[in-house]
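Remember, it's 1-based here, ligands and their atoms both numbered in the order they're listed. We're numbering straight along the sequence, starting at 1.
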Amino acid sequence: MDEGKMDENEWGYHGEGNKSLVVAHAQRCVVLRFLKFPPSRKKTSEEIFQHLQNIVDFSKNVMKEFLGENSVHCGEVVQLPLDFVKQLCLKIQSERPESRCDKDLDTFSGYALCLPNLARLQTYRFAEHRPILCVEIKPKCGFIPFSGDVTHEVKRRVCRYCMHQQLKVATGKWKQISKYCPLDLYSGNKQRMHFALKSLLQEAQNNLKIFKNGELIYGCTDARSPVADWNELAHHLKPFFFPSNGLAGGPHCTRAVIRELVRVITRVLLSGSDKGWAGALRWGPGPRGPRVCEASPFGRSLHRQGKNSPECSGLPKGCLLYKTLQVQMLDLLDIEGLYPLYRRVERYLEEFPEERKTLQIDGPYDEAFYQKLLDLSTEDDGTVAFALTKVQQYRVAMTAKDCSIMIALSPCLQDSSSDQRPVVPSSRSRFAFSVSVLDLDLKPYESIPHQYKLDGKIVNFYSKTVHAKDAAVMSTRFKESEDCTLVLHKV
Ligand SMILES: O=P(O)(O)O[C@@H]1[C@@H](OP(=O)(O)O)[C@H](OP(=O)(O)O)[C@H](O)[C@H](OP(=O)(O)O)[C@H]1OP(=O)(O)O
Ligand SMILES: Nc1ncnc2c1ncn2[C@@H]1O[C@H](COP(=O)(O)OP(=O)(O)OP(=O)(O)O)[C@@H](O)[C@H]1O
């Protein structure tokens, strides 16, 4: 990229999250990722450069090691002309969802990250003329905490995502409770994975997006987004999955197309891209949480059938979901066990503030930082070193709980035998695919107290809501039995 000759007309709005905004180049397979900040919070250019450089270093030295060479794209920090950034910011403003406009794109520093556009097949630098379908999934936390420090009993039965749903709907973030449960997606069991993916397609929230040729065709930006339309989605997808047959439209066609999509995505998610992956994290035989969440409709139906520990095929070790889950499980103690350790580090830093640098709280995220993450012991010897290791592991785990997986699919040409990329078959076609991870920004040390409070809030709200629902069911039953008594009296 020639940073000297930048033209805002060659770039278009692509998407954004809570902390960054992404624009894509119209022809080339690259994106620019800018940081966003609340209007009042100004950072210096030097701070922004360092923040971005930390993101690159963390991806390179930590996440690439954990998740594999092929799935992590570190990108590079680029310096852009301020005029270009300002014009770009004006150009894209009208396309931004209202709910994201509480933060402004950084137009002050001129720094951004330049990354491959993962909504296109990443092996190609220039846009191909082949159609490309890309599915982005934010799977969230795939396990139930197994830490002995957990005090809320409900946390041992219901996963955080499912509990959080109640709070999100009550606060108006989303309109309805999703049937998606991360434990189903991470189960490795095809039936459960199909259920999880269909649930995401029904209620995408911020966990699913679909792009066609780099354009968003499915997914919602906030609770005000229009209702998902499967017929429209099927219309977009039909040429990919049923290229040459005249499958008529209508509900039958829609179902067939969605079924194919779900099957292909499941296959890709179960494929192991890095062969012979040994895994940097060597877990002992210690306890692991339950494999089914009680709030998942799938889990509930297993429960009704008396199958409390379902037959679990498990995830293949080389696949990206498996590796992501391993990194998530670096949250060994749960926030309840971690918070006192964070307080220990805090007390130490209050006494020796100059030590913050030596402890690598704000980087550098180098090889030494990575090596310390591999210590999985949970025996607290009372030291600051132990507390710090657990704190850093927790931050990495939280990052893996919030990252997204991008699956890019491109139909294989008839003569594509020389193609080096992995291929996934569907019933009427074949796709070359790539799987990548994005949003691997290490969660800040400062967010730990927030996590602690939020955890309590989610659990209390869930317990209260479920308790209220149970009470309502009980009272209905009581009324029914009263009615019944009346009937009996009458007789
Ligand atoms: O806490 P959670 O589970 O709600 O996750 C937050 C996400 O909400 P979600 O649950 O996916 O709707 C949230 O996503 P949205 O902005 O709601 O789309 C962010 O990803 C946030 O991360 P950060 O503070 O921007 O680094 C995420 O915060 P972290 O907890 O990962 O820091
Ligand atoms: N390299 C990339 N290629 C294609 N699209 C991307 C890329 N990076 C990000 N995106 C798109 O931009 C969106 C926002 O990016 P990202 O998730 O990194 O934002 P964020 O603000 O850090 O997220 P969060 O809300 O989780 O903090 C993504 O959901 C994805 O659709």
**Q** Short question: side chain of Glu95, backbone of Ile92 - any donor-acceptor pair under 3.5 Å?
**A** no
**Q** Under 4.0 Å, heavy atoms only, figure out whether ligand 2 is touched by the backbone of Val31, its side chain, both or neither.
**A**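 For Val31, only side-chain atoms sit under 4.0 Å from ligand 2.
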**Q** So if I count the atoms of ligand 2 from 1 in the order they appear, which ones are less than 4.0 Å from some heavy atom of Gly17?
**A**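 Taking each heavy atom of Gly17 in turn, ligand 2 has 14 (C), 19 (O), 20 (P), 21 (O), 23 (O), 25 (O) under 4.0 Å.
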**Q** Using heavy-atom distances, let me know which of Glu136, His14, Lys103, Arg100 sits nearest atom 28 (C) of ligand 2.
**A**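 Comparing heavy atoms across Glu136, His14, Lys103, Arg100, the nearest one to atom 28 (C) of ligand 2 lies in Glu136.
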**Q** Identify the closest protein heavy atom to atom 19 (C) of ligand 1: which residue and atom is it, and at what distance?
**A** Asp402 OD2, 3.8 Å
**Q** Which protein heavy atom lies closest to atom 9 (P) of ligand 1, and at what distance to 0.1 Å?
**A**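 Here the closest protein heavy atom is Lys168 NZ, 3.4 Å.
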**Q** Quick check on contacts: which atoms of ligand 1 are under 4.0 angstrom from a heavy atom of Lys19?
**A** 23 (P), 24 (O), 25 (O), 26 (O)
**Q** Would you indicate which of Val30, Leu118, Leu35 comes nearest to atom 3 (N) of ligand 2 when only heavy atoms are counted?
**A** Leu118
**Q** Taking N or O atoms only and a 3.5 Å limit, does Lys443 qualify as a polar contact for ligand 2?
**A**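 No: no nitrogen or oxygen of Lys443 is under 3.5 Å from one in ligand 2.
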**Q** Closest non-hydrogen protein atom to atom 19 (O) of ligand 2, residue and atom name please, with distance?
**A** Ser20 OG, 3.1 Å
**Q** Looking only at heavy atoms, what is the nearest atom pair of Cys162 and Cys293, with distance?
**A**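 Reported closest heavy-atom pair: SG-SG, 3.8 Å.
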**Q** How far is atom 8 (O) of ligand 1 from the closest protein heavy atom, and which atom is that?
**A** Lys173 NZ, 3.7 Å
**Q** Heavy-atom pairs closer than 4.0 Å: do any link ligand 2 to the side chain of Pro116, the backbone, both, or neither?
**A**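 The answer is the backbone of Pro116.
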**Q** Where does Asn18 meet ligand 2, judged by heavy-atom distances below 4.0 Å: at the side chain, the backbone, both, or neither?
**A**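 Asn18 to ligand 2: contacts from backbone and side chain alike.
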**Q** Please state which protein non-hydrogen atom is closest to atom 4 (O) of ligand 1 and give its distance, to 0.1 Å?
**A**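 That would be His164 CE1, 3.1 Å.
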**Q** Can we say Arg356 and Glu446 salt-bridge, meaning some charged N sits less than 4.0 Å from an Asp/Glu carboxylate O?
**A**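 Glu446 and Arg356: salt-bridged.
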**Q** Which of the atoms of ligand 2 are close to Asp402, meaning less than 4.0 Å from one of its heavy atoms?
**A**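 Every atom of ligand 2 under 4.0 Å from some heavy atom of Asp402: 26 (O).
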**Q** I need the contact type for Lys36 against ligand 2. Using non-hydrogen atoms and a strict under-4.0 Å cut-off, is it side chain, backbone, both or neither?
**A**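 For Lys36, there is no contact with ligand 2 at all, from either part.
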**Q** State, to 0.1 Å, how close Lys443 and Asp402 come at their nearest heavy-atom pair, and which atoms those are.
**A**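 Where Lys443 meets Asp402 most closely, the heavy atoms are NZ-OD2, 2.8 Å.
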**Q** Number the atoms of ligand 2 from 1 as they appear, then name those within less than 4.0 Å of a heavy atom of Phe211, with their elements.
**A**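 The atoms of ligand 2 under 4.0 Å from a heavy atom of Phe211 are 31 (O).
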**Q** Taking the six-membered ring for Trp and the full ring for Phe, Tyr or His, determine whether the centres of Tyr111 and His51 are under 6.0 Å apart.
**A** no
**Q** What's the shortest distance from atom 1 (O) of ligand 1 to any protein heavy atom, and which residue and atom give it?
**A**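 Here the nearest protein heavy atom works out to Arg160 NH2, 3.0 Å.
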**Q** To check your reading of the model: name the closest protein heavy atom to atom 22 (O) of ligand 1, its residue, and the distance in Å.
**A**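 Result: Lys443 NZ, 3.0 Å.
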**Q** Against ligand 1, does Lys401 come closer than 4.0 Å with any heavy atom?
**A** no
**Q** Let me have the donor-acceptor pairs involving side chains of residues 98-105, under 3.5 Å, with sequence neighbours excluded, atom names and distances please.
**A**
from: Ser99; atom 1: OG; to: Asp222; atom 2: OD2; distance (Å): 3.1
from: Lys103; atom 1: NZ; to: Asn18; atom 2: O; distance (Å): 3.1
from: Lys103; atom 1: NZ; to: Asn18; atom 2: OD1; distance (Å): 2.9

**Q** How about Asp375 and Thr389: does a side-chain donor come under 3.5 Å of a side-chain acceptor?
**A**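 Absent: no donor and acceptor within the cut-off.
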**Q** Does Asp441 pair with Arg33 as a salt bridge, N-O distance under 4.0 Å?
**A** yes
**Q** Under a 4.0 Å N-O cut-off, is there an ion pair linking Lys401 with Asp331?
**A** yes
**Q** Within a distance under 4.0 Å of any heavy atom of Lys138, pick out the atoms of ligand 2 and give their elements.
**A**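 Counting atoms of ligand 2 from 1, those under 4.0 Å from Lys138 are 26 (O).
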**Q** Does Asp441 come within less than 4.0 angstrom of ligand 1, counting non-hydrogen atoms of the residue?
**A** no
**Q** Side chain, backbone, both or neither: which part of Lys209 comes within less than 4.0 Å of ligand 2 when only heavy atoms are counted?
**A**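 Side chain only.
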**Q** Run the numbers for me: atoms of ligand 2, each under 4.0 Å from some heavy atom of Arg33, listed by number.
**A** 18 (O), 22 (O)
**Q** Does Ser447 use its side chain to pair, donor to acceptor, with the backbone of His450 at less than 3.5 Å?
**A**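 No: the side chain of Ser447 does not pair with the backbone of His450.
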**Q** Report yes or no: does Gln451 have a heavy atom closer than 4.0 Å to ligand 1?
**A**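 Within the 4.0 Å threshold, so yes.
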**Q** Using a 4.0 Å heavy-atom cut-off, say whether Gln205 meets ligand 1 through its side chain, its backbone, both or neither.
**A**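 Within the 4.0 Å criterion, Gln205 makes no contact with ligand 1.
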**Q** Students should be able to answer this: which protein heavy-atom is nearest to atom 5 (O) of ligand 1, and at what distance?
**A** Lys140 NZ, 3.0 Å
**Q** Side chain, backbone, both or neither: which part of Leu454 comes within less than 4.0 Å of ligand 1 when only heavy atoms are counted?
**A** side chain
**Q** Which pair of heavy atoms, one from Leu118 and one from Val437, lies closest together, and at what distance?
**A** CD1-O, 4.2 Å
**Q** Ile55 and Leu440: side-chain contact (heavy atoms from CB on, under 4.5 Å), yes or no, with the steps?
**A** CA-CA 7 Å; Ile55 294 177; Leu440 292 173; over 6 Å; no
**Q** Step by step, work out the side chain to side chain donor-acceptor pair (under 3.5 Å) result for Gln393 and Lys390.
**A** CA-CA 5 Å; Gln393 285 173 335; Lys390 297 304 129 191; 2.9 Å; yes
**Q** Could you list the atoms of ligand 2 found under 4.0 angstrom from a heavy atom of Asn117?
**A**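 Numbered from 1, ligand 2 contributes 3 (N), 4 (C).
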**Q** With a 6.0 Å cut-off on the ring centroids, do Phe431 and Phe241 count as close?
**A** yes
**Q** Check the side chains of Gln360 and Gln392 for a donor-acceptor pair under 3.5 angstrom, ignoring hydrogens and angles.
**A** no
**Q** Tell me which part of Arg100 gets within contact of ligand 1: side chain, backbone, both or neither, using heavy atoms under 4.0 Å.
**A**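 The part of Arg100 near ligand 1 is the side chain, not the backbone.
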**Q** Identify the protein heavy atom lying closest to atom 25 (O) of ligand 1, giving its residue, its atom name and the separation to 0.1 Å.
**A** Asn18 ND2, 2.8 Å
**Q** Residues two or more places apart in sequence or in another chain: which of them pass side-chain hydrogen bond (donor to acceptor under 3.5 Å, both in side chains) with Lys155?
**A** Asp334, Glu336, Asp455
**Q** With atom 27 (O) of ligand 2 as the reference point, say which of Val22, Val437, Asp439 has the nearest heavy atom.
**A** Asp439
**Q** Using a 3.5 Å distance criterion without hydrogens, assess whether the side chain of Glu232 forms a donor-acceptor pair with backbone atoms of Ile217.
**A**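 It does not hold such a pair.
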**Q** Please give me the minimum heavy-atom distance between Trp230 and Lys198, naming the atom from each residue.
**A**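 Distance-wise, the nearest heavy atoms are CZ2-O, 4.0 Å.
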